[in-house]
Each structure stands twice: as structure tokens, then as C-alpha cells.
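Since the structure comes first, as C-alpha cells, the remarks are kept for the end.
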Amino acid sequence: MTASTLADLYPTTFVVAEIDNENDLVSLVDYNGNEWLWEGAEDLEVFDVVAAIMNDGETSSIYDDEIVEIRYCGRADAEW
């Protein structure tokens, strides 16, 4: 990731959809149904809700955006 300015960053929320402990990867789903990967399973569990700071990469497409940081927020009540 390149150096970013504050204007390049935005917040979003994800639900943990799947955890691959062997590869230390977390599959996250945003509220639009897009899937993202985060390296660092730590103590996350499926259906945890996380807040994230994203970097838009100075483009209008979200498909090249990167997750900068995540923080645990709680648990989702229902399955997706």
C-alpha cells in the first residue's frame, strides 16, 4: 500500500464469514455483499462484526481498495 492521505481513507463495517486458521486469513463480508480478505485471524470468530479503515487507492472503484486496519465491534445475530 502506498502512503495515503486522510482523503484516501474511509470507514466501513464487515461481518466475519469464514476463518482459515491454517493460512491465518479471515474472509469478511461488507453490507453490500462484497467479500474481502484480511491476514490475521487472531481471536476473531465467524459472525463477529468488525469496523475497518479502508484506503481507496485514489480510484473510484472499490475493487482495488485495501483494508488498512480492523477492530472488533461485536457479534451479528443472524446468519448471512
Rounded at 0.5 Å granularity, tell me how far CG in L28 sits from CG in N34.
12.0 Å
Minimum-distance pair of heavy atoms, taken over all atoms of N55 and Y10:
C-CE2, 4.4 Å
Nearest 0.5 Å, please: how far is CG in D48 from CZ in R75?
5.0 Å
Closest approach of V46 to E18 (non-hydrogen atoms, all atoms of both residues)
CG2-CA, 4.1 Å
Minimal non-hydrogen separation, V68 against M54, with atom names
CG2-C, 4.0 Å
Going by heavy atoms in the side chains, are C73 and V49 under 4.5 Å from each other?
yes
Student check: side-chain heavy atoms of S27 and I19 closer than 4.5 Å:
no
Working to the nearest 0.5 Å, report the span between CD1 of I53 and OG1 of T12.
9.5 Å
Shortest non-hydrogen pair, A41 vs V26, comes out as CA-CG2, 3.4 Å
Output yes when a side-chain donor or acceptor of N21 lies under 3.5 Å from a complementary backbone atom of D24, and no otherwise.
no
Heavy-atom distance under 4.5 Å between the side chains of V15 and Y31, does that happen here?
yes
To the nearest 0.5 Å, tell me how far W38 CH2 sits from L44 CG.
10.0 Å
Test item: D8 side-chain N/O and T5 main-chain N/O as donor-acceptor pair under 3.5 Å:
yes
Determine the minimum heavy-atom distance between D56 and D64, stating which atoms define it.
O-OD1, 4.0 Å
Can you tell me how far apart CG (L37) and CD (E66) are? Round to the nearest 0.5 Å.
12.5 Å
